[in-house]
Amino acid sequence: MTRYVYDFIEGDRSKVDLLGGKGANLAEMTRLGLPVPPGFTVSTDACRAYLADGRPPVGLFDEVNAHLREIEVRLGRPLGDPHDPLLLAVRSGGRYSMPGMMETILDIGLNDATVAGLAARTGDERFAWDSYRRLIQMFGRTVHGVPAEYFERELAVVRTAAGPAGPDAVALRALVDTYKKVYAARVGHDFPQAPHEQLYLAIRAVFESWNAERAVLYRRREHIPDDLGTAVNVMAMVFGNLGADSGTGVAFTRDPATGEPGVYGDYLADAQGEDVVAGIRNTVPLAELERIDPASFGELVRIMSVLERHYRDLCDVEFTIERGRLWMLQTRVGKRTPAAAFTIAAQLVDEGLITIDEALHRVDGAQLTQLMFPAFDRSVAPPPLTTGVGASPGAAVGAVVFDSAAAVAADVPVILVRQETNPDDLPGMIAATGVLTARGGKTSHAAVVARGMGRTCVCGAEALRIDAGRGEFSVGDRVFRAGDVISIDGTTGAVYPGAVPVAPSPVARYLAGELTPESDRLVAAVDRLLQHADAVRRVGVRANADTPADAARARAHGAAGIGLCRTEHMFLGERRELVERLILADGPAERSDTLTALLPVQRADFVEILAAMDGLPVTVRLLDPPLHEFLPPLSDLAALVARAEALDQDPGRDATLLAAVRRMHEANPMLGLRGVRLGLVLPGLFAMQVRALAEAAAQRARDGGDPRPEIMVPLVDDVRELATVRAEIDEVLATVPDAPPIPVGTMVETPRAALTAGDLAREAHFFSFGTNDLTQTTWAFSRDDVEASFVGTYLERGILTVSPFETVDAAGVGRLVRLAVAEGRAARPDLTIGVCGEHGGDPESIAFFAEVGLDYVSCSPYRLPIARLAAGRAAARPTGDTADSR
Ligand code: ADP
Ligand code: MG
Ligand code: MG
């Protein structure tokens, strides 16, 4: 028979799946001999069985009773005893912490008889009646969904009547009678007097709180699976509300904001935990406890040091002091800011608590990303107007505008303020420095699109009352009009009036070579972990860089070469005219003239890039986009021609161009004439590019450089495409003296290429996965359209947990990658394989690419540090266990 209940002494922190985070850590503290009130945990198995069948599994409550009896014996205090009753706390707690999402019921076991026993034992009648009324209220709300207001209303009346001294025992006793009437009226029967019945109902209510709407939403947002269920912790109550020598608090073993060592937290005398949340009185800094109760403070500090050494990480704790005696009610590995994560990881290495390998697993790329953004100088910031959801990091200051057109027209930095955004707002989002919405969460349209383009965004700032028609918004009684300056913090979600000064990120300055590691504790920690990541990683990190300036920046940020050098910009600017001539060319002679004119300028470009990356590989992609992208838009040309005709003028060249654009028009250009297809139908184009590159390399070699170019053919579907183009490439290469050997490889960016990788490998020296196109073609998702139109909805409805353009879809696209790697290497064992495209800079994707054995990832220069860190994490071995740090 399945067992469902475990005494705290039986569990430990490794059993988080079974006991939930809270239960496993209560068990761990019990094992460590720390003062935890006795108790037991009803497992997540029981919750899943309950949710599946709609009733408790057979035998559950017998097991609960058996464990309960042990506690009764240990404490010499039975549940329901009218002279000295045991009271219980019934607390939820799943695998991952979901703060405030689920239920806890305190003071189970109180009834008309035991309330007198509690009063007698504690000598505090007022406290006993107050506890009873708390129970009726919490039980009513949690078990039967009676809104707290119905009780709070009555409490307020009694409080007002009592004045500053607070209600006495007589008044509270009367209040309990009122509460019972409220309960009976709202629920339809009397408050249950039998303590065991209270306990069973409370356990069921905690099970059911797993599926409460807010809990479901929270899980969706945090990517926590829905089928885990919660455990239920049942433990003896201790009382922080028994006078001035009692109290309750929370504490951290280090500062969770900066990582500085020390004792941080809040304390509230003469109170229970829920009073802190209710905010009836203000807490005091934990340091005050040293004055109020030095013995308990000393004990708490000792316990926190035990916990930190044991968990080898920052811990937070909840504790209660009952008449001078300290009790531990909860601990877990604590949440922290990105800065604290890096600082603490480095400190723990210095303190000998963790290895440097493990330290890499204590930080992640998302945290490093946040540290690279500039931030508001909070020491001089005014109090925020309001706080929404920090949806896309950064610190943006700008003038308020209410619509996309105004954002586009503005000549100063602007913040686009909308109720929510939709695809029509896209031009405004591009033009603005920041986006602020009143509605929507982290997966709303505004959030997804802003993150995609690196625009600062705060969404769901529900306190905003927007009146776009009148061109103003208000928060409370403060009104802001179009043109007023505000500041938004995309990391914290804060919205400030006026222009808050922005402090550049020390980490970004360090990465740009402007700060040395010694200058700042955080920077020193980042430097140390990045250095270690570089030392252990097996995956190389290259950059996507198209220009000499990008190449130089990439090199400074630690790139081991260029994994993707796009050539399209070499056809733009003044050269566009040559491209137009190429497209309009009347026959092979004119075409070859134009190509001859393009050759020297492109050769000069390549010389500079090869020089910037001297000694490192530079993978040059032959021209990829559809040719019409180099011509003026159809609508512009049509307008020009129409105007000329209306004025009876000769539209001349514009008419020829218009005809060409019409001829080349494609319904699905991304699936049309581009990539290798273009090279095959436009004779001489690829040959010109190859010659320019080979001659540039030859020149660099003659000048004493060490050029390492590689040629990459885009959008290949079939080995015959590659073989045909390669024959042409080899022919050109053979005619360029002094050029070093130049490997020729292919992109793998269509399902067919991946499925026939074994054939392609026979014609390719290397593969580079173009995961953007591979994702588009595998999913049949047009990236430019779907991200704005429905990915947000998919995320909100839980169909996608992340955009496949952000993190590689391991199950689908990833399967093609695995297959292509295996078949490619089988056909050519020394095949070099990399990935270029956005996924190359995404930490989760990098972990996947490392696992499938790619040689390198290539990403945009500013994501290089993140890629280095992620590749390091993939190679570093964490030692010991990892506690819940979500
Ligand atoms: P959450 O997961 O929302 O933090 P908890 O289960 O930790 O909920 O309970 C909330 C508060 O209830 C705790 O912070 C603590 O102050 C109080 N509490 C929990 N267990 C006990 C107990 N055994 N005795 C007294 N108070 C308790
Ligand atoms: Mg808690
Ligand atoms: Mg592509």
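Along the sequence shown, residues carry numbers from 1. These numbers come from the heavy atoms of this one structure, side chains and all, not from hydrogens, waters or symmetry mates. Everything numeric in this text was worked out from a predicted model, so none of it was measured. Counting starts at 1 for both ligands and their atoms, in listed order.
- Heavy-atom contacts of Thr104 reach the following atoms of ligand 1: 5 (P), 6 (O), 8 (O), 9 (O) (cutoff under 4.0 Å).
- Taking the ring axis of Phe151 as reference, the NZ or CZ atom of Arg153 does not stay both within 45° of it and closer than 6.0 Å to the ring centre.
- Per-residue contacts place Lys22 under 4.0 angstrom from the following atoms of ligand 1 (heavy atoms of the residue considered): 1 (P), 2 (O), 5 (P), 6 (O), 7 (O), 8 (O).
- Under a 4.0 Å heavy-atom criterion, Gly39 is not in contact with ligand 1.
- The protein heavy-atom contact nearest to atom 20 (N) of ligand 1 is Arg91 CD, 3.2 Å.
- Contact check for Arg121 versus His83: no side-chain heavy atoms found under the 4.5 Å cut-off.
- Nearest protein heavy-atom neighbour of atom 25 (C) of ligand 1: Val238 O, 2.9 Å.
- Of the protein's non-hydrogen atoms, Gly273 CA, 2.9 Å is the one closest to atom 16 (O) of ligand 1.
- Of all the heavy atoms of Glu318, the ones lying under 4.0 Å from any atom of ligand 1 belong exclusively to the side chain.
- In this structure, Arg186 forms no cation-pi arrangement with Tyr183, as its terminal cationic atom is not both closer than 6.0 Å to the ring centre and no more than 45° off the ring axis.
- Both the sub-6.0 Å distance and the 45° axial angle are satisfied by Arg13 relative to the ring of Tyr311.
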| request: Start with the C-alpha gap between Glu28 and Arg31, add the side-chain angles, then the distance that decides, and say whether salt bridge (Lys or Arg N to Asp or Glu O under 4.0 Å) holds. | output: CA-CA 5 Å; Glu28 190 76 12; Arg31 278 182 170 246; 5.4 Å; no
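- Annotation: atom 23 (N) of ligand 1 to nearest protein heavy atom, Ala236 O, 3.0 Å.
- Remark: ligand 1 and Thr320 share no N or O pair separated by less than 3.5 Å (distance only, no angle test).
- Polar contact check, Ser92 against ligand 1: no nitrogen or oxygen pair lies under 3.5 Å apart.
- If you look at Ser97 next to ligand 1, there are no close heavy atoms at all, none under 4.0 Å.
- Closest protein heavy atom to atom 15 (C) of ligand 1: Leu329 CD1, 3.8 Å.
- Put simply, part of Met237 is less than 4.0 Å from ligand 1, judged by heavy atoms.
- A distance of 6.0 Å or more separates the ring centres of Phe8 and Phe40.
- Contact annotation for Leu106 and ligand 1: only side-chain heavy atoms (C-beta onward) come within less than 4.0 Å of the ligand.
- Restricting Glu318 to its N, O or S atoms, the one at the least distance from the Mg ion (ligand 2) is OE2.
- Rounded to the nearest 0.5 Å, atoms OG (Ser296) and CD (Glu322) are 11.5 Å apart.
- Counting atoms of ligand 1 from 1 in the listed order, those under 4.0 Å from a heavy atom of Ala89 are 20 (N), 21 (C), 22 (C), 23 (N).
- Both the sub-6.0 Å distance and the 45° axial angle are satisfied by Arg219 relative to the ring of Trp210.
- At the top of the distance list for atom 3 (O) of ligand 1, counting protein heavy atoms only, stands Gly100 N, 4.0 Å.
- With Tyr50 as the aromatic partner, Arg204 does not meet the cation-pi criteria of under 6.0 angstrom to the ring centre and within 45 degrees of the ring axis.
- When distances to the Mg ion (ligand 2) are checked against a cut-off of 2.8 Å, Gln330 contributes an N, O or S atom below that limit.
- The two residues Val232 and Phe207 make their nearest non-hydrogen contact at CG2-CE2, 3.5 Å.
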**Q.** side chain to side chain contact (heavy atoms under 4.5 Å, CB included) evaluation trace for Val495 with Val458
**A.** CA-CA 8 Å; Val495 180; Val458 171; 4.2 Å; yes
